[in-house]
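The next block holds one structure in the form of C-alpha cells; read it before the comments.
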2 protein chains.
Amino acid sequence: MSENGKINISFPDGSIKQYPKGISPIEIANSISSRLADDVVVAEVNGKLVDLVKPIEEDARVKLLKFTDEEGKKVYLHSTSHLMAQAIEELYPGAKFGVGPALEDRFYYDVDSDHKFTDEDLKKIEDRMIEIAKRDLKPQREEMKREDAISYFKSKRVDPYKVEILEDIAKDDDVVSLYHQGGFTDLCRGPHLPTTAKIKYVKLLSVSGSYWRGDSNRQQLQRIYGVSFPKKKELDEFLNLLEEAKKRDHRKIGQELELFMISPEVGGGLPIWLPKGAIVRQELEAFMRNEQKRRGYDFVYTPHIAKIDLYKTSGHYPYYKDSQYPPLDFVDETGKKEQYLLKPMNCPHHFMIYNHKPRSYKDLPVKLAEFGTVYRFEQSGEINGLLRVRGFTQDDSHIFCTQEQLLDEICDVIDLTQYVTKSLGLNNFYARLSFRDPHNKEKYGGVDELWEKAQDDLVKAADKMNLECTIGIGEATFYGPKIDFIVRDALRRKWQLGTVQVDYVQPERFDMTYIGADGQKHRPVVIHRAPFGSMERFVGVLIEHFAGNFPLWISPIQVVVIPITDNQNEYAKQVYAKFKEGFRAEIDLRSEKVGYKIREWETKKVPYMIIVGDKEKNNNTISVRAHKRGDLGTFNTEEFFKSIEEENNLKSISK
Amino acid sequence: MSENGKINISFPDGSIKQYPKGISPIEIANSISSRLADDVVVAEVNGKLVDLVKPIEEDARVKLLKFTDEEGKKVYLHSTSHLMAQAIEELYPGAKFGVGPALEDRFYYDVDSDHKFTDEDLKKIEDRMIEIAKRDLKPQREEMKREDAISYFKSKRVDPYKVEILEDIAKDDDVVSLYHQGGFTDLCRGPHLPTTAKIKYVKLLSVSGSYWRGDSNRQQLQRIYGVSFPKKKELDEFLNLLEEAKKRDHRKIGQELELFMISPEVGGGLPIWLPKGAIVRQELEAFMRNEQKRRGYDFVYTPHIAKIDLYKTSGHYPYYKDSQYPPLDFVDETGKKEQYLLKPMNCPHHFMIYNHKPRSYKDLPVKLAEFGTVYRFEQSGEINGLLRVRGFTQDDSHIFCTQEQLLDEICDVIDLTQYVTKSLGLNNFYARLSFRDPHNKEKYGGVDELWEKAQDDLVKAADKMNLECTIGIGEATFYGPKIDFIVRDALRRKWQLGTVQVDYVQPERFDMTYIGADGQKHRPVVIHRAPFGSMERFVGVLIEHFAGNFPLWISPIQVVVIPITDNQNEYAKQVYAKFKEGFRAEIDLRSEKVGYKIREWETKKVPYMIIVGDKEKNNNTISVRAHKRGDLGTFNTEEFFKSIEEENNLKSISK
C-alpha cells in the first residue's frame, strides 16, 4: 500500500494507477471515462469477480468486465434472472423460486407458481421487467450466517426452496449472501450489476416443466428461459440467429428431407433412419471406416447384450444403473437364471476380445473399432431428435497400448478427429482437457505417476497437434484424464462431439496384460475414443450446420435430370443413365411445368439439377442448375460428369 | 383282379406281371432275382410303405425300395434303432425307451437308464447289435386297439413312455401296431426290415442328454445316435465324411483362424466377430449391399428394441414368447411404465417405415433392406458356434408391392439368391416351396384367392428361374406361402439358408395401404426375404464349405510377403508396400527359417505367399506360393499384382 491512504491498482494492460483506499471498481471506471462506466458490468479483483460497488481496501489487480466479456455477460444474464423473479413476484404473488442461473447465452429461473404461464404471460413479465429495470434499483449485498439465512427464508421471506438449498448445500460455518433489490430478495453468491437500469432489452424465450433438483419424485416447477442485452441490435441479432436455428432445426429438416423418423410405436429416443438418412450415415461410416483401416484399426462386431456380471466387473452396474435400461431376466431351458444388460457401452465387449489371447508388446497397439449401437436411459423430457437419444451408434474404438506409445496414439487420435471434422467443414473447433483435481487425488483410480504422465502426454499431444484447448482441473472422470472436442457450427453454436479418454482403471479391473520385451507381464493402457461421438448426434449437428444442404458426397440424391417437356424424355433418359453410373441420380419425367419441378427439387436440396430442352438435345449438351447457386450454364455431359465426379471423390464442401 | 386267384402287379418301369393273390413283396423280389431280394429293404404298395412280408390281396402298384433309396434308407436306419434298443435292453436290463426315429442320415433312440453310457459302452452295444442281427430275427407286426396296447405297456411290458405316447397322441379308436423281434417289443408304425440279418455294419456315434418330449421340466434321457449300412465301404465313406466334417468344423477353424469367439462372460449363443471374421462379414455385407442397391433396395437402420405393443400388433407377442428374450420393464422419470422387447425380427420396424407416409402405386415396390441384428431365445443345448445362435444379423428386407408385381418381385428375389450363393461357390442348391394344406384352410390367414395366386406365382417364378424345387403341402406358415433355399456344401451336406415369404396377414394387422391408379386405397403384399439368412449362419456354412480356404476376395489376409533372409528385408518392404495398395497384405520380417515361416502361414490359409530371395531382388521379380497349390513360379511384380487384382475384383472362387 502506498502512503497517504492511497492504493495501487494494476490493470490488465500492465499500467498501475493510484487511487484512494476504499475506492470501488465503478468509481475507477468513472475515473477513466463515463463511457467505460456505462459499459462495465462487473469487476474482477485479484482474480475474483465482485460487485462493482465493493470498496477496494488494498493494492489489487483489477479487470473491468463488459457485457462483451464472457464472465461479464454471465453476470448480466444472472442479474436479469433476478429481475425476472422480481417481476413474477409482483405479477403473481405467492410464487416461490428454485434456482435461476445464467448459462452461456441465456438464463432461466425455475418458478413454483399456481399460475400456469402462457406465452402472453411471458410478454407481460417482459414488460414488467423493463419497467422495474427503469426504476434504477441498486442490488444490495447482505452477508449473514447460514442459520440466520435459514430463519430469514423461513420467517421473513417464506421460500422453502431456499431453505432446502441452505440446509442441504451450505456448510454449517458458511457465511452466505443475500441480494436485495426493491422488495425482492434472493439467496445468491453474486456478484450483480450495480443497477437494474443497465438491463435494457429483454426477451423471454420459453417455459417448460422441470423437476426440483432434477428429481422426478419432487415438485415440478416451471422453467422460464430468457435473454437480455444492453443494445437492441444485439437482441435482434440473437433473435435472428434463433430464427435461423429454428429453420435449421434438424427435426424439421429431418422430416422434410425424410432423413429419419421417431415412431411412437417403437419408442421415444429411438430414431429410425429412413432411406435418405441411411445414405448419409452409410457414407459417413464408410469414410470413417476407410480412414481407420488406413490407420491400422481392426474392426469387430459385438452383440448388443451381455451378462450383467460383465458390467459388475467394469463397475458400470449398479453404479450407473440410472442411466441404463433395466436388466433382462433370462431363464434357460435348464432353469438356469441369468441377467443380461442391453449394452450401455462397447468397452467391456472389446476388453473380452483383447483378453481372448495372450498379447505381446510386439502386437501393441491393438486398436479395435466398431460402429457399436448402445442404449442408455435418457429422461423423456431430455430426448431430442437425433441429438439426445436412448439408442445410438458410436464410432467407437479402444486402443490398447503401452505407456510409451500413449503420446503417439493420442496424437493420432487428435489427427484423425481433426481430419474427419474438417473434412465435413467443421473447421472451427477446440478441445477441453479434463484433468484430475490434484487436491483430491483419492477421488481417482490409477497410479499417481501414470496420471501425471498421461496428463502430460495430453498437453504434449495438444501442443504437437496445434490443438486449441482449455484445461478443466477436477473434471477428469474416475478412470483417467480426457479430451472433449467441441465444434462450432455455421451459427457459431457449440456442440460437443468426439472424445478421447485415457483409462487406467479398466485394465486393472479386467486384468489386461501383455508380455513386455523383458518377458514380464505388464498392464496396457486403454484409450477410449469416438471422433464423431455418435452417428445420430453427428448427423443431427451436420443437418443443422449445413441447414440440410449437404456436400455432394453425402447428399442422398446427388443429381436429378429434368426434361423441359415430354419431347426430351428420351434424351433425358440417356443423360440419366450416364449419371446413374456414378451418382445417386433421379429423373423427373412427370408432365409438369419445368418451373414447378425445379421449385420442388430445390426444396429437396438436390445439389445438381440437369435441365434438358430441345437446345440441349440437339447439341448433345446439358444445362445445370446448382442448389442455392442457380444456373451454372450449359455443359458437355462428359465434362460435367467428370467435374462433379472429382467434387464427389474429393468430398469437397466448398460450394 | 384276374381269374384264378391271380393279381396284377405294376412296376415303376410300367411293366405289369401276374402273381398269386396273397404274394408278399419279398416273394415278388425273389421271383425277379435273388440279388434283388437281398437288396430290397421295404416296399411301397399303392404309394404306401409296407413291410416286405405283408401279403398283397389285390391288384397293386409296387415299388421295391433299396437302401440307396431315401425312404429305404430311413426304414433301414429305423430298424437299426429297434436293434439298438434290443441290445441295450439285453445289456442293461430295466432300460426304458422314449422315441427312436430315423433321420436323414442317422438314427437315434432316447433311453432312460440308471446306467450312464460311456464311449466304451457304445462299442459294447454295437457288438451286441451285430450279434443280434446275425440271429436273423424276423420283426413281427401285431395290430391292436389303443386300449389293449396301453394295457400291454402297463402290464406285459412296463414302459411308461410308450403309455404316455399312446394316451396323449393316439386317438381313442386308433388301431396301433407293435413290432416284436426276439424278446423285444416296441410300439411302432413300421414298416421294418424283414430280418435283422440285413443290418450288417453299425456305428454308434454319440450320446447326449435330451429332455423327454423336449420339455426341460421332464425326465432327462440319454440320446444315442448311430448309423448303419449294408456295406462296409458305405460305413467307411460315412466315417471319412464325418472325419472331414470334424476337420471343417467351423468352431475349430473359427478359433484357428481367429474369426470369432464365444465369451462366457458375454453369454452363450452371442458370437463376437474378431477382426479377421469381421473382414469376411464386411466383404459379404458390402457385396450384398451393392447388389441390392443395384436392384433398387433402400437401406434403413432401425433400433434393436421396440415397445412390446408393436409385437402385440404383429402377433409375435405373446404367441412366440418362448422363442424371445423376456421383455424389459422400463419406467421413465415421470413414472410412466413401458415394456420393451429386444427385437426378434425386423419386420414391424420396417412396417412403421412403410406406414410413416402415404404411398401411391407409383412408389411401389418399396424395398426396405437392413442388416438387422435380432435376438431370439435358443435352448442352451441347441446353440452351436455361428450356426445356431441367440443373436444374429439378418440380411433382411421387406418388399411392399402390388399383387400384380408379386411374380416379378419373387423372380428378382430368386435371381438375387441364386446370384449371391453361386458367387460364393454354393452352386448346388434347391428350394422347398411351402404351401398351405387345402383341407385345413382355416389354419391360415389371408384371403382364399390371394393364397391361390401367391402359390401360383411361387410355382411360376420357380419355373421361370429354372429353380429345382420340391413342394411341401401344409408347410406354409400362418402368414403365407414361402420358399426356403437349401444348399449342399462341398461334403454334400444340406444347409437351409435364405428364405422368401409372402405375407398377407401383416399388411392387414398394420393396416398398410397404398393409393391405386383408381384413387382408392389398396392393401400391398409384403415379401420377407433374406438370401444369406443370417450373416452368422452363412459365414459358418462358408467356413465349413471352404474348410477355411476362403476365396481371395473374402480372405482376411490375402497376401503375405516373406523374405528368405534378412538381406532381402528392404526389397520385401517395397513389394509389401505395393501389395498393400490393393490387398490386405502382411509382411513377415521375423528372423526365422523361410520353411518355418511358410509352414506357419500355410496354417493361416493365406491365399498367396510372396517369397523374395536374392534372385528375386536382383531380377526385380517375386516368387509366389499359392495356398494348397504350392509353388506357382516367378513373376513380374506388376503383372502378378494385376492378375490377382482381377481375381479379387471378379470375386473368383475357381482356385
Side-chain angles (χ1 to χ4, degrees), chain A residues 211 216-217 258 261 263-268 270-279 281-282 289 298-307 309-310 313 325-336 338 340 342 348-349 352-353 356-357 368 370 373 375 377 379-381 390-391 393 535, chain B residues 211 216-217 258 261 263-268 270-279 281-282 289 298-307 309-310 313 325-336 338 340 342 348-349 352-353 356-357 368 370 373 375 377 379-381 390-391 393 535:
Chain A
Y211 290 102
S216 59
N217 298 314
E258 301 188 80
M261 66 182 269
S263 157
E265 291 90 342
V266 169
L270 299 168
I272 293 173
W273 295 75
L274 296 172
K276 294 201 176 67
I279 288 170
R281 175 168 162 183
Q282 277 177 359
R289 187 182 295 117
D298 283 322
F299 278 82
V300 297
Y301 294 93
T302 67
H304 302 92
I305 55 173
K307 284 189 194 163
D309 285 347
L310 194 65
T313 304
Y325 277 78
L328 268 164
D329 292 297
F330 179 87
V331 183
D332 83 0
E333 81 279 10
T334 67
K336 201 168 97 190
E338 288 174 344
Y340 285 82
L342 202 51
H349 284 87
M352 293 296 103
I353 295 174
H356 97 285
K357 63 172 186 178
L368 301 178
E370 178 174 24
T373 307
Y375 291 85
F377 176 76
Q379 299 204 335
S380 36
R390 287 179 176 162
T393 301
M535 298 313 294
Chain B
Y211 291 101
S216 58
N217 298 314
E258 301 187 82
M261 66 181 271
S263 157
E265 291 91 342
V266 169
L270 298 169
I272 292 173
W273 295 75
L274 296 171
K276 294 200 177 67
I279 289 170
R281 175 167 161 182
Q282 277 176 359
R289 186 181 295 118
D298 284 322
F299 278 82
V300 297
Y301 294 93
T302 66
H304 302 92
I305 54 173
K307 284 189 194 162
D309 285 347
L310 194 65
T313 304
Y325 277 79
L328 268 163
D329 292 297
F330 180 87
V331 183
D332 83 0
E333 81 278 12
T334 67
K336 200 167 97 192
E338 287 172 344
Y340 284 83
L342 202 52
H349 284 86
M352 292 297 103
I353 296 175
H356 96 285
K357 64 171 185 177
L368 301 178
E370 178 173 24
T373 307
Y375 292 86
F377 175 78
Q379 300 205 335
S380 36
R390 287 178 177 164
T393 301
M535 298 313 295

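Below, chain A is the first sequence line, B the second, and so on; all start at residue 1. Small disclaimer: the values here were computed from a predicted structure and weren't measured.
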Top of [options] for chain B proximity - count of heavy-atom pairs under 4.5 angstrom:
{"options": "A:K336, A:R289, A:Q379", "value": "A:Q379"}
{"options": "A:P327, A:P275, A:A306, A:G277", "value": "A:P275"}
{"options": "A:V331, A:T302, A:I305, A:T393", "value": "A:I305"}
{"options": "A:I353, A:L368, A:N217", "value": "A:I353"}
{"options": "A:E265, A:H304, A:M352", "value": "A:H304"}

Step-by-step side-chain contact (heavy atoms from CB on, under 4.5 Å) determination, A:Y325 to A:R390: CA-CA 9 Å; A:Y325 277 78; A:R390 287 179 176 162; 3.3 Å; yes
Give the intermediate values and the outcome of side-chain contact (heavy atoms from CB on, under 4.5 Å) for residues A:I272 and B:V300. CA-CA 8 Å; A:I272 293 173; B:V300 297; 5.6 Å; no
Give, as side chain, backbone, both or neither, the part of [X] having an atom under 4.5 angstrom from any heavy atom of chain B.
{"X": "A:P348", "value": "neither"}
{"X": "A:E258", "value": "side chain"}
{"X": "A:I279", "value": "neither"}

Out of B:G268, B:P326, B:G267, B:P271, return the one with the most heavy atom pairs under 4.5 angstrom to chain A. B:P326
Specify which of B:L328, B:D298, B:T373 makes the most heavy-atom pairs with chain A at under 4.5 Å. B:L328
Could you measure the distance from the [atom1] atom of [X] to the [atom2] atom of [Y]? Nearest 0.5 Å is fine.
{"X": "A:K307", "Y": "B:L270", "atom1": "NZ", "atom2": "CG", "result": "9.0 Å"}
{"X": "A:L342", "Y": "B:F330", "atom1": "CG", "atom2": "CZ", "result": "10.5 Å"}
{"X": "B:E338", "Y": "B:D309", "atom1": "CD", "atom2": "CG", "result": "9.0 Å"}

Check whether B:K357 gets within reach of chain A through its side chain, its backbone, both or neither, counting any heavy atom under 4.5 Å. side chain
If every non-hydrogen atom of B:W273 is compared with every non-hydrogen atom of B:R281, which pair is closest and at what distance? NE1-NH1, 3.1 Å
What do the steps show when you test A:E370 against A:F299 for side-chain contact (heavy atoms from CB on, under 4.5 Å), and what is the final call? CA-CA 6 Å; A:E370 178 174 24; A:F299 278 82; 5.5 Å; no
